[in-house]
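Working notes, structure below.
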Amino acid sequence: MSSNKKLMVLAGDGIGPEVMAATLKVADWFARHRSLNFDITEGLVGGAAYDAKGVPLTDETLADAMAADATLFGAVGGPQYDDLPFEVKPERGLLALRKEMDLFANLRPAMVFPALVSSSTLKPEVVSGLNIMIVRELTGGVYFAEPRGRETLADGTVRAFDTNMYTPPEIERIGRVAFDLARKRQGRVVSAEKANVMHSGVLWREVMTALHQAEGDGVTLEHMYADNCAMQLVRAPKQFDVLVTDNLFGDILSDTAAMLTGSLGMLPSASLGAPDETTGKRFALYEPVHGSAPDIAGKGLANPLAELLSFSMMLRYSFDQGDDADLIEQAVEKALSGELRTGDIMADGFTQTGTDGMIDQVINSLDELAR
Ligand code: IPM
Ligand code: MG
């Protein structure tokens, strides 16, 4: 019986397969140097699954992902799929994985690597040393709540609608994740909603406040309207430690936070379910925050570091291999000081490279660090 970790690989569309292939080279490095072996099952998702099977996620692929210890995801989507019916759009494949595995807790760390301070569009003093953990609720809210749809009124007017909806247990469980993470960090949680205009925002604030009173030892909680939060993120981002918010605001605020770090090509994420009460097993999917980047897909130009850092989050959160995760992060930092950089993080004094050049530089750094 092999005790290898079971890894489901879903590379998806656009640059997904390229950054995935690069990341798996690093997985291979760990197999050779650290006896960290994975049994890999590959599957199709998004447009790739639609092209082959007519749906963006098959039941078999979902079952494979559920049977694995963790899923590493690339990206989905592309302009050729824009006109598909809603139910079979590539994004539905990702949303179905999130929903079916109940991956309610999405962790999106926005960290500025010292070597990339000058890549941000913000001033170096505003972003240097930045380290924010965004905790986004991922299985509720406007992404999934019913009613949603489109209808034609009696007078012929078309009306489209979505619903934002949350229950206290949904808010409590994501709040708990934020508090637990904050205890291992600086102990500061900001909760963002629109309690000034939305009923779901009022409830969100009430539940967070009550949870903080009941379970918030060692953590401070501040409430912020989501629009103000967006402004504060670009004005003075270092005021944030952990930022907890709902599905839609989390989608928007995490892209904002991503750009503080210099490039969307650097940001990983972890989407976690609750640990099973008897087995302790928790579903988990790791994916870069960047999308499929159709404009550069297939050209070998994409920055593979967000996918690699997602792999590193997987080692940390699913496999309790914190030392190996640290090693990857150190190797990335070291590689960023090397000669080569991908286009998204190019700067004076560096030579532009592609996906392979970038990952090889990380592997060289791993070799050096492991010596
Ligand atoms: C993200 C993406 C997804 C989302 C899309 C691809 C469905 O933007 O993970 O942030 O909106 O959640
Ligand atoms: Mg997004």
Side-chain angles (χ1 to χ4, degrees), residues 10-17 19-20 44-50 55-57 62 65 71-82 84-110 132-145 148 162-164 166 170 174 192 226 229-230 233 243-261 263-273 283-295 297 302 306-307 309-311 313-314 344:
L10 294 172
D13 308 323
I15 61 170
V19 295
M20 184 66 78
L44 297 173
V45 71
Y50 176 80
V55 286
L57 180 74
L62 174 63
T71 297
L72 191 62
F73 190 94
V76 286
Q80 67 272 47
Y81 307 110
D82 281 353
L84 286 181
F86 208 67
E87 312 71 57
V88 291
K89 276 194 190 299
E91 290 78 6
R92 298 312 302 176
L94 174 59
L95 296 176
L97 283 161
R98 290 176 179 171
K99 193 65 180 174
E100 295 302 322
M101 296 200 277
D102 201 16
L103 305 172
F104 70 94
N106 184 217
L107 277 39
R108 300 192 158 185
I132 305 178
M133 179 64 87
I134 297 190
V135 179
R136 168 187 176 192
E137 199 292 325
L138 202 60
T139 49
V142 77
Y143 274 65
F144 298 101
R148 62 206 325 264
D162 300 276
T163 305
N164 199 37
Y166 275 102
E170 286 177 285
I174 195 70
C229 183
L233 270 175
L243 172 56
V244 62
T245 189
D246 79 4
N247 204 344
L248 182 62
F249 294 139
D251 182 43
I252 297 167
L253 295 174
S254 63
D255 267 26
T256 308
M259 271 322 287
L260 305 172
T261 70
S263 170
L264 207 49
M266 293 298 300
L267 248 77
S269 84
S271 304
L272 308 174
F283 289 130
L285 179 144
Y286 299 85
E287 59 167 315
V289 171
H290 63 68
S292 56
D295 52 323
E307 186 73 65
L309 291 167
S310 301
F311 175 81
M313 286 188 91
M314 179 184 83
D344 58 313

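Both counts, for ligands and for their atoms, begin at 1 and track the order of listing. Scope of the values below: all heavy atoms of this structure, side chains included, with no hydrogens, waters or symmetry mates.
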task = Look only at interatomic distance and state if R136 has a nitrogen or oxygen under 3.5 Å from any nitrogen or oxygen of ligand 1.
result = yes
Could you verify whether a donor N or O on one side chain and an acceptor N or O on the other, from D13 and Y81, lie under 3.5 Å apart?
no
Correct closest heavy-atom pair for R148 and D162 would be NH2-OD1, 3.7 Å
So CG of D102 and CG of L97: to nearest 0.5 Å the spacing works out to 13.0 Å
| query | Counting N and O atoms only, with roles assigned by atom type, does the side chain of N106 sit under 3.5 Å from a partner on the main chain of A270, one being a donor and the other an acceptor? | reply | yes
Ranking K89, R92, R98 by closest non-hydrogen atom to atom 9 (O) of ligand 1, top hit is R98
message = Between ligand 1 and R108, can you find any atom pair, the residue atom being a heavy atom, that is separated by under 4.0 Å?
response = yes
among protein heavy atoms, the one nearest atom 8 (O) of ligand 1 is D251 OD1, 3.3 Å
Numbered in order shown, the ligand 1 atoms found under 4.0 Å of a heavy atom of E91 are 6 (C), 7 (C)
protein heavy-atom neighbour closest to atom 4 (C) of ligand 1 works out as Y143 OH, 3.4 Å
N247 and T139 have their tightest heavy-atom pair at ND2-N, 4.0 Å
Query raised in the report: Is the backbone of L285 close enough, under 3.5 Å, to the side chain of T71 for a donor and an acceptor to pair up by distance?
Result: no
* To do: For the Mg ion (ligand 2), decide whether D251 has an N, O or S atom at a distance under 2.8 Å.
  => yes
